[in-house]
Structures are given as structure tokens and as C-alpha cells.
Amino acid sequence: NASCNAAVGDIVEDLTIAFLTHSGYPAHLLRRCFQLTPNLESLTLDLPPRFPEVILSSLILPNLRVFSTNLPHATLVRFLSNHRIATLVLRSCGRASVCALKGVDFSHLAELECPFRCLDVIITKHTTRARSCRTRSMPVAASGIPVSPSLYSLVVEYYSHEHDVLKRIAALSPHVRKLTLIEKAYAEVGQIHEFLQITNL
């Protein structure tokens, strides 16, 4: 194992760590795990809500390009600022009114999945694919479809009670050439997420 033979940890490129939502976990072992796998290229990290931020804030994985986590975005600012992530998957943002990742340099980000309310904070003109979810309380106008001069193809699922989707898209993403709109019944809002998929060409 890696704790006995450092060469084992050196060859690990893809790592998934997941703990049950309400269970405790040994933070010192988590920190040791990262020390033993310095060449990670892909990391999935799903942890309970109460997370010691210092574990990630002081962590540098120079080869990391793919990162997926359920941690609140406020705990990720320093970590994401220190890494050139190409594929990023984020879940719950947290309780802040504005996503804490606003201002982080994501110019290297090619693929993104995140809550709808954070999309326009994270996405850049370099992002080629994005997927986002929103809830009944987060209408299109509230968070906005991201403005990008290079946005070419846009697919939007919207709810039947939203009558001015085309007007909003025209105002926020005027350079879209290929547009697909998929209507969902409003009764489904409590059971499904809305997804937004973007492709830049």
C-alpha cells in the first residue's frame, strides 16, 4: 500500500473519496491520503458539510485537471485559485447571496457543471461545455444566462410558466446561432432539475 511504498501513491492519477453525509471521518487520514498521492489528475471529494477548510486551502496538486465535490463553494476559493482545473463539477453553493467563487480566475476552465445561480460567476469565454441546474425559486431572469461573445450553441430547458425566455436569451446571449428550447410542465418543478447545456464552437 501507499503508506509503505511511496511509489504506489505516485502512480495514482484518479481518486474518489466519499463519506456518508452525517458520518464523521478522520481528517488527519484524509490529509495523509493527499500527501501520498501528489500526482492526481482527477479528484472526486464528497464529504459531510462540516469540513476543515485548512485541508484543501494548503493543498497543491500540480497535475490536477478534473475536480468534483459537494463542498460549499466558500471552502474552495483558495484551492481553485491555486489549480488550473479544466473540468469542474460543483454542487451546493452555500447560503451566501453571491457565490464565493466570484473573482476566481477560471480562464482555463473548459467544462463546467454547477448550480444555476453560480453559472454566470464561473463560466468564461473559454468554457466550451456547461451544465447547470436550478430550482423553482431561481427563475431564468434571476441568475441570468451567461453573456459570452463566443457562445454559439445553447440548449435551455424551461418551465411552461416562463413566457419571455426568448427575449431574455436575446438580451443576454445575442450571438447564439443554434438554439434549442425544451418546455417542461411547471408541475414537474419539484421533482426535476433544469439543465442548461452550452457548446462554444
Side-chain angles (χ1 to χ4, degrees), residues 1-124 126-135 138 143 193 195-197:
N1 74 37
S3 60
C4 299
N5 184 351
V8 174
D10 287 344
I11 64 174
V12 176
E13 297 179 347
D14 190 338
L15 179 64
T16 296
I17 299 174
F19 291 93
L20 296 176
T21 303
H22 298 293
S23 67
Y25 62 94
H28 69 285
L29 291 181
L30 183 61
R31 188 179 296 108
R32 180 60 178 154
C33 180
F34 291 135
Q35 292 172 348
L36 294 170
T37 55
N39 297 316
L40 289 179
E41 296 179 2
S42 176
L43 173 62
T44 298
L45 191 60
D46 290 334
L47 298 174
R50 294 183 178 180
F51 171 74
E53 296 182 35
V54 66
I55 293 178
L56 280 186
S57 63
S58 59
L59 178 65
I60 300 293
L61 299 168
N63 298 329
L64 191 66
R65 296 295 177 265
V66 179
F67 182 59
S68 172
T69 188
N70 67 335
L71 294 173
H73 300 183
T75 67
L76 302 171
V77 175
R78 185 172 175 184
F79 178 78
L80 291 175
S81 297
N82 289 335
H83 293 82
R84 297 183 63 81
I85 306 296
T87 299
L88 180 63
V89 179
L90 300 175
R91 287 177 280 286
S92 176
C93 178
R95 297 182 178 180
S97 57
V98 177
C99 178
L101 296 177
K102 184 177 179 64
V104 174
D105 178 13
F106 287 109
S107 58
H108 42 279
L109 193 62
E111 298 186 42
L112 169 67
E113 182 174 334
C114 70
F116 197 88
R117 66 188 292 260
C118 309
L119 189 65
D120 57 350
V121 169
I122 300 174
I123 198 170
T124 75
H126 303 287
T127 306
T128 57
R129 294 183 62 84
R131 183 179 179 99
S132 180
C133 60
R134 70 180 177 86
T135 63
M138 191 62 61
S143 40
H193 288 289
F195 291 103
L196 173 66
Q197 184 171 356

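Although no hydrogens or angles enter the test, the distance criterion places no donor-acceptor pair under 3.5 Å between the side chain of S81 and the main chain of V104. Between the side chain of N39 and the backbone N or O of V12 there is no donor-acceptor pair closer than 3.5 Å. The main-chain N or O of R78 is never found under 3.5 Å from a side-chain atom of H83 such that the two would form a donor-acceptor pair.
With rounding to the nearest 0.5 angstrom, the CG atom of L15 is 5.0 Å from the SG atom of C33. Atoms OG1 and CG, on T16 and D46 in that order, are 8.0 Å from each other to the nearest 0.5 Å. How far CZ of R65 is from CG of L43: 13.5 Å, rounded to the nearest 0.5 Å. Annotation: the span from N70 atom CG to L45 atom CG amounts to 7.5 Å, rounded to 0.5 Å. To the nearest 0.5 Å, atom CG of residue L80 and atom CG of residue L90 are 6.5 Å apart. Separating the CG atom in L30 from the CD atom in Q35 is a distance of 10.5 Å, to the nearest 0.5 Å.
Between I85 and L109, the shortest heavy-atom distance links the atoms O-CD1, 3.4 Å. The nearest pair of heavy atoms linking L61 to F34 is CD2-O, 4.5 Å. Scanning both residues, G9 and P38, for their nearest heavy atoms gives O-CD, 4.2 Å. Here the closest heavy-atom approach between residue I122 and residue L101 is recorded as CD1-CD1, 3.9 Å. Among all heavy-atom pairs drawn from L112 and I123, the shortest one is CD2-N, 4.1 Å. Shortest non-hydrogen contact noted between L64 and F79 is CD2-CZ, 3.5 Å.
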**OP:** Decide yes or no on side-chain contact (heavy atoms from CB on, under 4.5 Å) for R91 and S68, but give the supporting numbers first.
**Re:** CA-CA 8 Å; R91 287 177 280 286; S68 172; 3.6 Å; yes

